[in-house]
Amino acid sequence: MERPNWAPGDIDLERPSVARVYDYWLGGAHNFAADRAVGQKTLEIMPELRGVVLNHRAFLRRAVRHLLGRGVRQFLDLGSGIPTVGNVHEIAQAADPEARIVYVDLDPVAVAHSLSLLGGNDHVSVLHADVRDPAGVLASDEVDKQLDFDEPVAVLMIALLHFVPDEEDPWAVVGGYRDRLAPGSFLAVSHAGYDETDVETDASVRARRIYDRSVTRMTFRNRAEFTRLFDGFTLVEPGVVRVPAWHPESPADVEESGERFPGFAALGRKAQR
Amino acid sequence: MSPAVLAGAEVFARSWATAVIGSSYVPMTRAEVAQHLQDLTERLVEALFATPFRTAPGHEIGSRLVDAHFTGTDTLGRTVQLLGDDLLVELGFPGDARLTSRLAALQGALAAGYARALRERTLAEQEAIRAAVLDARDQAESMLRASEARFRAMFTEAAIGIGIAAIDGRILDVNQALQDMLGFSVEEMRQYNVRDLMHPEDAGSVWRLYDQLIAGECDHYRAEKRFHRADGEQVWTHLTLSLVRDDHGEPQYQVAMIEDVTDRHLLQNRLRYQALHDPLTGLPNRALFLERLGRVFNNRAKHVRAGLCYLDLDGFKVINDSLGHDTGDQLLVEVGRRLDHSVSGEGKLVARMGGDEFVILVEGSSGEQDIVDVADRVLTELEAPIRIAGHELSVSASIGIVERQLSGTTSADMMRDADITLYWAKADGKARWALYDPERNAREVARFTLSATMPRALERGEFYVEYQPLVRLEDSTVTGVEALVRWQHPEFGRLAPDRFIELAEETGLIVPLGRWVLRKACEEARRWLEEFGDAAPFVSVNLAVRQSRDPELVRDVKRILDECALPPHHLQLELTESAIMGTADEPLEALRALCDMGVRIAIDDFGTGYSNLAYLKHLPVHELKIAGSFMEGLRAENEEDPVDAQIVATLVQLAHALSLGVTAEGVETPAQAARLLRLGCDTGQGWFFARPGPPENIDSLLRGDL
Ligand SMILES: C[S@@+](CC[C@H](N)C(=O)[O-])C[C@H]1O[C@@H](n2cnc3c(N)ncnc32)[C@H](O)[C@@H]1O
C-alpha cells in the first residue's frame, strides 16, 4: 500500500529532499544537514553543477518575463519548490499586481513554507498535490480560485519532469494539462538531458549516482524525448535549445558551456483550434 | 567624483561581477548585477574618500550583497580579495598608504556587515524552514487525526459488522453492528479466537482461504458463512476478510466485514421452497424432482443405480368431472399423503408432476425388485377407500417402473421410458405396475416406425401381392387364388401381413391399402380370365374389419370390378367371423349388396372366433374357411387326432347343411389332404399345394407347367 501523502512520516529531516537540496545549490539556507551534505558532496565532485542549477532557475525568470511580455497574466507553477528569491509571483506581480499564480508541489515542507511566505497575497495560492495527477490538480479549489481557463495560462514545469520516470509517462502528464488549456496558452519546460552525441563527464555520472541514491532518481531525456513533451504546442523561437541558450540576457550567459549544457529548455504555445 | 575615478570604479565593478556571479542564484540579469555592483563600488569609493572617514558604508555594502542573495560561500572571500588587490589600482591610487589603511578598514566593515547579514538571513531562513516543517507536520497530523476520527466514526457507526483480529486469531475489536449481529459484547468477543467462530455448516473453502490469508498468500476473500448467535440462533452472512500488512509487507491484522443476510436468506429459502413444491399436496413439484434427478445423474459413480415409479391415477378424470374439482383436489391430497407415507426414507423422493401424475425417485436401488416392492406398497396403500365429503372413493393407480444403472443413460431417457411404461400399465389393464422392457419398447418403436412409414410405402410401391392357390380336393383343380399382401420394407426387409395389417387397421391406412390390393388382385384375375377363360381362378381378397365398415366399400368394389371388367363371381371377399358376426346392420347390408352383385363372401379362420351358428343361416355367405389350427391333428400319416377330425367333419357337415362351400386352410401334408377329402371338404389351401408366390407361379400352374 502506498503511504498517504499526509502521513507525518513524509517529513523526515534525516532524508534529503529535492526541494531543499535545490535550495542549497541556489545559495539558500532553507535546508537541513542532510540536504547540505548531499549538496556539498555533489558540488565537490562536480563543481559546474551549481551553474547548471542556476541556469534552470534563470530560465524560469527569463521565461516568466517573456510570457509577461506576451501578455500572459496567469501562471501554474508545477513543482514550484521552496521559494527563495526570484519567485514567479515576485517577477509577475512586479510587472502586474493583478497577475495570478498557483504554486503546486508535492513536498509538504515546501508547501508550508510557500504558504507562510504568501500570507495575505490574495492572487497567489499554494496547492499540495502530485503534478502527475493533472485531473486532481486542475479540479482543486486553489486552481479554481485563481485561474480562468478561458484565458491564456502559462504552465511552468521547470526542473521538474526529470523526476517523472518514463513508466509514469510524463508526456501523458503534460497532455493532461494541455487539454485543459485555452488556445494561446503556454507551456515552459526545462529538463535535464543530453543530445545523443554528447559524452557525459565522469564527474557528472558520479554526482548523479549520489543524487539518485540519496535523494531521488532522475531521468535524463534527449532532445527528441524532450521535444515530444510539446505535442500539441507550437514552439516559440528558438525552439528546443540548451537551457542557457534560450533567450539569453547577455552573450556572456551562453559562453562556452552553452553547447554542452546538460539540459534543454523550450516554450510552446497551444495552437489555435 | 572625477571621471577617472568613476571610470575606474566601473572597471572594478565589472571584474567584481565576474568574480561573484555564479556562486549563488541572484534574480537579476548580468547587466543588472553589474549595475548593482557598480552602485556598491561607488558607495565604497565615496566612503574611501569621505571626511570624516566612516566604516559604516562598509557594513551597509556587505549587507546589501546578502540582500541581493550573493550568498555563495566564496562570495565574501573573493570580494575582499578583489578589493584589496584591484580597487586602488583601478582607481589610480596604488600604494597610497592612507587609502590603503582606509580600504582595509572598509574591507573589515564589509566583511563584518556581510557576515552579520548572512547570519541573520541564514537564521531567518532556517527559522522559516523549521516553521514550515512544523506547519507541515501539524497539517499532516491534523489530517491524520481527522482521518482517524473519520475512520473511527465509520467503524463505530457502520451498518455493516466490522471486526479486527490479530494474525493469531485473537479478536481485538468489533464494532457495534457486529456486537448486535452476534449478540456478544466487545469484551465477550475479545475472549474469542476467530477459529472459535467456526460453524459446522461452513464450506471447507472458508477455512482453507482463512489459512491462506493468515499465511499472507492471499489478501482478501469473500464467503458465505453462518455464525452462532449468543442466543443460539443462527445468522447467515456475507463475509469479506482482508489482510492488513505492515510497512514490510508482513501480515499484521485481519479485518472482517460481515453483512447480515439472514432475512434475505430465509426469504430466498421460502421462495425457493415455493418454487419447488406443489402448493396442493405440499410434495416436491416437477421442477424439484427434475433438479434432483439431474443431480443424481451428475454425481454418478460407476455402478450406481436408481429407479423411478411413474404413477397415474386410473379414472381420475371421471371423479373430477362427476364429483367436482374440490373432491378431485382432496383426493389428490390424500393420495399424495399416502404415497409420501409409504415411500418415506433416505434417497427417496415423492413428487407431484402435475394433474394426477406422481413420481417416486429411488436413489441407490440395488435392482428392479427394490422398485417393484415400492410399487407394490403404493398399490396396497391405495387400496383402502378414501372418504371425501361423504363419498367412499376407491382409487387405483397404474405405475410405470424403470430401474437401471445410471452410466450409459440420461435422466431424459429414464423419464421417457417411465412414461412409456406407465402407458403399458394402463394398456395392460390399469391398477397395476409395468416394468420397463427394452424389447417391448423396441417392438413398439418398430411398430411405430412401420405405421409412420406405411403411407409413403404405399406411394412408393413397397407393397406387392402374392397369390396362393385354392385347390379343389376332388380333382386338384385350381379354382381360386388367395391374394396376400406383402411389404418389401427398405429397412426391415420382407414383411408378412401379420406385421402390419393390424397397424394399418389402427391408423386407418387399411382402407387405401385394401383398396389397392383389391384392384391389384382384380387386375390379375382379369388377366387370368383373358388367358385361361373358364379355367381362370377367382381371386379371394381379405377384407379387414375396418374395410368392411367403410361406407364406400360397395362402391369401391363395384368400380374396381367395372374398371377391370371382371365378372363379380371371379371375386371372393374373405372376412373374419368377428367382422361378420359382431356387426351392426350397415356392414351386413353392404355384404348383401356385394352378394347380390354376385361377389362371393367367405368367412375366414372359421372356428376360432365366436359364431352364432343360427345366425349363420341368414348371412350372405358362400364359403367357410376352416382355420389351419384344426389341421394339426390331421397331419400325421398313420394317426389322427379324433377331436380335430370330429370338429372338421362337423364343420364340413354344418357348411354343407347351409349350402356353403368349405375350404381348409393350412394343408401341409398329403395325409391331411387325403383325410380332408374323405371328410367331404371341398377345397384345400396350404403348402402342400403351393406356397404363396408371384402371379406368374399361378400362370405356370394353370398352364400345367408343373
Ligand atoms: C528541482 S525543484 C524545482 C523547483 C522550481 N520549479 C525551480 O525551478 O526552481 C523540483 C520540485 O519539484 C517538486 N516535485 C517533484 N516531483 C513532484 C511531483 N510529482 N508533484 C509535485 N511536485 C514535485 C519537488 O518537491 C521540488 O520542489
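Convention: sequence-line order gives letters A, B, ...; per-chain numbering from 1.
- The part of A:Arg50 that comes within reach of chain B is its side chain, from C-beta onward, which places non-hydrogen atoms under 4.5 angstrom from that chain.
- For A:Val85, the parts lying near chain B are the backbone and the side chain together; criterion is any non-hydrogen pair under 4.5 Å.
- Side-chain atoms of B:Gln126 come within 3.5 Å of backbone N or O of A:Asn31 as a donor-acceptor pair.
- Donor-acceptor pairing under 3.5 Å is lacking for the side chains of A:Glu142 and A:Tyr103.
- Of the listed residues (A:Leu13, A:Leu117, A:Thr84), the one with the most heavy-atom contacts under 4.5 Å to chain B is A:Leu13.
- Among B:Thr71, B:Val133, B:Val26, the residue making the largest number of heavy-atom pairs under 4.5 Å with chain A is B:Val133.
- Between A:His162 and A:His56, the two ring planes are perpendicular [angle over 60°; tilted spans 30° to 60°].
- Classification of B:Arg116 and B:Glu60 as a salt-bridged pair fails, no side-chain N sitting under 4.0 Å from a carboxylate O.
- In this structure, no portion of A:Arg62 lies under 4.5 Å from any heavy atom of chain B.
- Residue A:Leu115 does not touch chain B at all, counting heavy-atom pairs closer than 4.5 Å.
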Under the side chain to side chain contact (heavy atoms under 4.5 Å, CB included) rule, what do B:Gln38 and B:Trp16 come out as? Steps first, then yes or no, please. CA-CA 9 Å; B:Gln38 177 150 0; B:Trp16 195 9; over 6 Å; no
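- Among A:Val53, A:Leu54, A:Asp23, the residue making the largest number of heavy-atom pairs under 4.5 Å with chain B is A:Leu54.
- In this structure, no portion of B:Ala31 lies under 4.5 Å from any heavy atom of chain A.
- Ring geometry for A:Tyr22 against A:Trp25 counts as perpendicular: the plane angle is over 60°, on a 0 to 90° scale with 30° as the lower cut.
- Neither the backbone nor the side chain of B:Glu127 has a heavy atom closer than 4.5 Å to any heavy atom of chain A.
- Taking the six-membered ring where tryptophan is involved, the planes of A:Phe59 and A:Trp246 are perpendicular, since the angle between them exceeds 60° and thus also 30°.
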